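As the structure is a prediction and not an experimental result, all values here were calculated from the model. Excluded from the calculations below are hydrogen atoms, water molecules and symmetry mates; all remaining heavy atoms, backbone and side chain alike, are included. Every chain is numbered from 1 and lettered A, B, ... according to where its sequence line falls, protein lines coming before strand lines.
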Amino acid sequence: MKVKQFCDSILIENPKVFSLPLCLDCGQAFRWEQNNGIWHGVVKNKVLNAKEVDGGVLFYTTLEDYNSIWHDYFDLARDYEKTLVDFKEDEKLKQAINEFCGIRILNQDPWEALCSFIISQNNNIPRIKGIIKRLCETFGEPLGEEDFAFPSPQTIAKLSLDDLAPLRAGFRNKYILDAAQKVATGEVDIYGLKNMSIETARSELIKIKGVGEKVAECTLLYGCGHINAFPKDVWVKRIMQEMYQDGLPKCTDGVKGIAQQYLFHWRRNSKLFENEK
DNA sequence: AACCAGGCGCATA
DNA sequence: TATGCGCATGGT
């Protein structure tokens with residue numbers, strides 16, 4: 001991945017597998033917004049503006065922040081080109097990749113991923129985004145302008161159900177509180193999950209009320225670097241039933257999370273399935 | 001106006 | 001182990 005530094009920005013030169021809209025609006029992160037081609041978002045206490053230009057992807061940031069945050073966040077050290085070549089042995093994955101090449105798995109903050117996917121349960125994406133936006137605006141640290149950090153587990157842990165009511169998250173409020181409390185006390189070592197086996201990390205996460213198999217897998221995949229985690233929501237279950245009755249093909253071994261994201265996005269957005277809505 | 005949404009906890013068998 | 005139901009809210 002070649003990088004060029006300018007006075008106010010960093011250019012990722014002609015990446016083969018990196019699309020901002022696909023990465024930032026494929027249902028893995030909920031806080032990015034696009035205006036006039038500029039993608040705007042907040043990660044850890046840093047704001048980023050980025051856009052696609054002739055010659056690559058431009059990040060308006062310093063080399064220092066690129067190296068310490070954005071390179072990792074966008075998973076730029078991983079060779080997706082090679083993985084996708086392997087995936088194309090499978091006819092269905094090949095179609096998904098041909099239509100939506102450019103998705104990468106984001107390395108989000110584990111607490112934000114946990115909290116976001118607790119909110120996601122039995123919910124739809126537009127409403128998930130709204131709840132998370134209100135959560136950040138109400139309880140997150142202001143970062144100037146219109147930006148807010150994602151509120152820390154310590155901050156949420158001090159709140160009551162009544163405090164959370166304005167989020168309009170419904171029955172999920174009690175789950176958000178339980179998660180914040182278990183993380184804040186250290187009962188669940190959220191920042192340690194990255195270095196645990198995926199099995200151990202799963203068993204840690206499901207100690208939290210409102211965290212079952214699906215939310216745990218999402219947290220592991222999007223927040224803990226466990227690239228083989230495989231969340232099965234209604235769309236992925238649909239695909240598995242329709243196309244993979246005998247399980248995923250061997251070419252996805254070790255990186256099932258990437259396969260999951262391509263299949264999920266394909267099944268939801270491809271014209272091939274539009275008659276099924 | 002129903003049906004559904006990136007599910008989960010709980011009761012029951 | 002395996003179903004089935006209720007849950008808060010609002011998008012489509």
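For the pair A:Glu242 and A:Arg267, the salt-bridge criterion is met [side-chain N within less than 4.0 Å of a carboxylate O]. Ion pairing of A:Lys133 with A:Glu33 is present here, as a side-chain N (NZ or NE/NH1/NH2) and a carboxylate O approach within less than 4.0 Å. For A:Asp90 and A:Lys94, the salt-bridge test fails: no basic side-chain N is under 4.0 Å from an acidic carboxylate O.
Remark: A:Lys207 NZ is packed, more than 12 non-hydrogen atoms of other residues, nucleotides or ligands lying under 6.0 Å away. Taking a 6.0 Å sphere around CD of A:Glu13, one finds it holds more than 12 heavy atoms contributed by other residues, nucleotides or ligands. By the neighbour-count criterion of 12 heavy atoms within 6.0 Å, atom CD of A:Gln241 is sparsely surrounded, having that number or fewer from other residues, nucleotides or ligands. Within 6.0 Å of atom CD in A:Glu52, more than 12 heavy atoms from other residues, nucleotides or ligands are found, so the atom counts as buried in its surroundings.
As judged by a 4.0 angstrom heavy-atom cut-off over every strand, A:Gly27 is placed among the base-contacting residues. Nucleic acid contact for A:Gln261: base, since at least one base atom lies under 4.0 Å from a heavy atom of the residue.
Computed from coordinates, the A:Phe171 CZ to C:dT9 P distance equals 10 Å when rounded to whole Å. Atom NZ in A:Lys237 sits about 13 Å away from atom P in B:dG6, given to the nearest Å. Atom CG in A:Asp178 sits roughly 14 Å away from atom P in B:dC8 (whole-Å rounding). Taking atom CD of A:Glu213 as the reference point, atom P of C:dA2 lies 12 Å away to the nearest angstrom. Rounded to an integer number of Å, the gap from NZ of A:Lys207 to P of B:dG9 is 15 Å. What separates OH of A:Tyr262 from C1' of B:dG6 is a distance of 18 Å, to the nearest Å. We find that CG of A:Leu164 is positioned 14 Å from C1' of C:dA8, with the value rounded to whole Å. Rounded to whole Å, atom C1' of B:dC8 lies 15 Å from atom CG of A:Asn173.
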Is there a salt bridge (charged side-chain N to carboxylate O under 4.0 Å, His left out) between A:Lys271 and A:Glu99? Walk through the geometry before answering. CA-CA 10 Å; A:Lys271 301 153 295 266; A:Glu99 196 167 345; 3.1 Å; yes

Please step through salt bridge (charged side-chain N to carboxylate O under 4.0 Å, His left out) for the pair A:Asp233 and A:Lys214, ending with a clear verdict. CA-CA 7 Å; A:Asp233 76 311; A:Lys214 160 66 170 58; over 6 Å; no

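Distance noted for atom P between B:dG6 and C:dG6: 22 Å (whole Å). As rounded to the nearest Å, B:dG9 and C:dG10 have C1' atoms that lie 23 Å from one another. Of the P atoms belonging to C:dA8 and B:dA1, the separation is 23 Å, rounded to the nearest Å.
A donor and an acceptor atom sit less than 3.5 Å apart, one in the side chain of A:Gln260 and one in the base of B:dG6. One cannot find a donor-acceptor pair under 3.5 Å joining the base of B:dG9 and the side-chain atoms of A:Tyr175.
When distances are taken from the side chain of A:Lys174 to each of C:dA8, B:dG9, B:dG6, the shortest belongs to C:dA8. For A:Phe264, the listed nucleotide lying nearest its side chain is B:dG6; candidates were B:dG6, C:dG10, C:dA8.
A heavy atom closer than 4.0 Å to some atom of DNA chain B occurs in A:Ser120, A:Gln121, A:Asn122, A:Asn123, A:Asn124, A:Ile125, these being the qualifying members of residues 115-127 of chain A.
Note on ring orientation: taking the six-membered ring where Trp is involved, the planes of A:Phe59 and A:Trp70 are perpendicular (angle over 60°, cut-offs 30° and 60°).
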Strand DNA chain C in bracket notation, Watson-Crick/G-U under 3.5 Å with | for pairs to another chain: |||||||.||||

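The side chain of A:Arg268 contributes an N or O atom lying less than 4.0 Å from OP1 or OP2 of B:dG6. Residue A:Arg238 has a polar side-chain atom (N or O) positioned under 4.0 Å from OP1 or OP2 of B:dA5. Contact check, A:Arg168 against C:dG10: a side-chain N or O comes under 4.0 Å of OP1 or OP2.
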